Amino acid sequence: MTDRIECETLINVPIERVWEAVGDHRRFGEWFKVALDQPFVAGQQSTGHITHEGHEHVRWTADVVAVDPPHRLAFRWHPYALDQDRDYTDEPTTLVEIRLEPAGDTTRLSVVESGFDALPTARRDEAFRMNASGWDQQMVNVRSYVEG
Amino acid sequence: MSEAMLKAEAARRFAALGDPHRLGLVEVLASGDERSIRELGADATISRQALTKHLRILEQVGLVRATRAGREVRFRIERGAIAEAEQFLTLVTRQWDDALTRLKAQVEG
């Protein structure tokens with residue numbers, strides 16, 4: 001299956017508190033590493049710029065599909081759209097669905113991103129190239145910071 | 001490509017491999033080298049015609065690729081478009097895993 005990915009994590013706080021970090025655009029941006037210009041509103045665009053080290057100031061845009069507190073945030077975007085000189089507007093988007101589910105006093109959060117088969121193969125090459133340029137090392141840094 | 005289409009494609013490839021001659025050809029080509037029909041036929045116990053037929057079947061299901069070099073046709077294994085797509089998804093998944101790790105730390109911390 002090459003069209004979608006799924007990730008999941010269990011978070012040790014009640015669902016409403018997790019939603020605050022997902023549905024609020026400023027708090028979302030803290031962990032997602034993006035500075036957003038406006039709140040998430042279904043049917044509207046979300047704009048901003050990436051704050052992730054190595055890709056600062058790369059523009060970020062997404063079409064918000066759904067905001068259903070406290071259970072679901074969904075948007076369409078261009079994954080790995082990291083080339084500042086390029087206009088991705090006409091390329092297909094993937095759909096990101098972030099879902100929250102209560103599990104007692106904890107919260108199960110899942111992310112499903114789908115639509116990869118529609119992406120041009122050149123985008124994959126770009127992803128591999130961008131990834132090799134330091135993004136990977138940042139991931140390692142974040143993980144050791146969080147666990148350390 | 002939908003999951004159903006991917007499965008159908010995989011089934012066709014496995015069916016193509018379900019023949020000892022074709023399996024043998026794929027094994028030879030798996031090294032990554034290009035071979036002409038003449039080279040592939042050097043050790044074969046089947047006719048040139050049968051060999052060509054087997055290679056065409058492998059080409060039709062996307063397991064080998066044929067390129068024409070002058071009057072000669074050369075065959076090589078077709079490295080997976082599927083493998084490449086899966087590698088990309090691994091990258092994407094890793095990005096999300098790390099983002100979710102940060103979210104968890106931010107909310108629990």
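Given the structure is predicted, the values throughout are model-derived calculations rather than measurements. Residue numbers start from 1 in every chain, and the chains themselves are labelled A, B, ... in the order their sequence lines are given, proteins ahead of strands.
- For B:R38, the CZ atom is loosely surrounded, since the number of other residues' heavy atoms within 6.0 Å does not exceed 12.
- Using a 4.5 Å cut-off between side-chain heavy atoms of Ile, Leu, Val, Met, Phe, Trp and Tyr, with links allowed through other members, B:L51 and B:V61 fall into the same hydrophobic cluster.
- Only the backbone of A:L10 has a heavy atom closer than 4.5 Å to any heavy atom of chain B.
- Transitive grouping of hydrophobic side chains (ILVMFWY, heavy atoms separated by less than 4.5 Å) brings B:I46 and B:L25 into a common cluster.
- A:V67 and A:F32 fall within the same hydrophobic cluster, defined by Ile, Leu, Val, Met, Phe, Trp and Tyr side-chain heavy atoms under 4.5 Å apart, directly or through other members.
- Atom CZ of B:R65 is surrounded by 12 or fewer heavy atoms from other residues, nucleotides or ligands within 6.0 Å.
- Note that CD1 of A:I11 is 9.5 Å distant from CD of B:Q106, once rounded to the nearest 0.5 Å.
- Note that CZ of A:R4 is 11.5 Å distant from OG1 of B:T93, once rounded to the nearest 0.5 Å.
- Heavy-atom minimum distance, A:W31 versus B:A99: CE3-O, 3.2 Å.
- Contacts between A:E113 and chain B at a heavy-atom distance below 4.5 Å involve the side chain alone, from C-beta outward.
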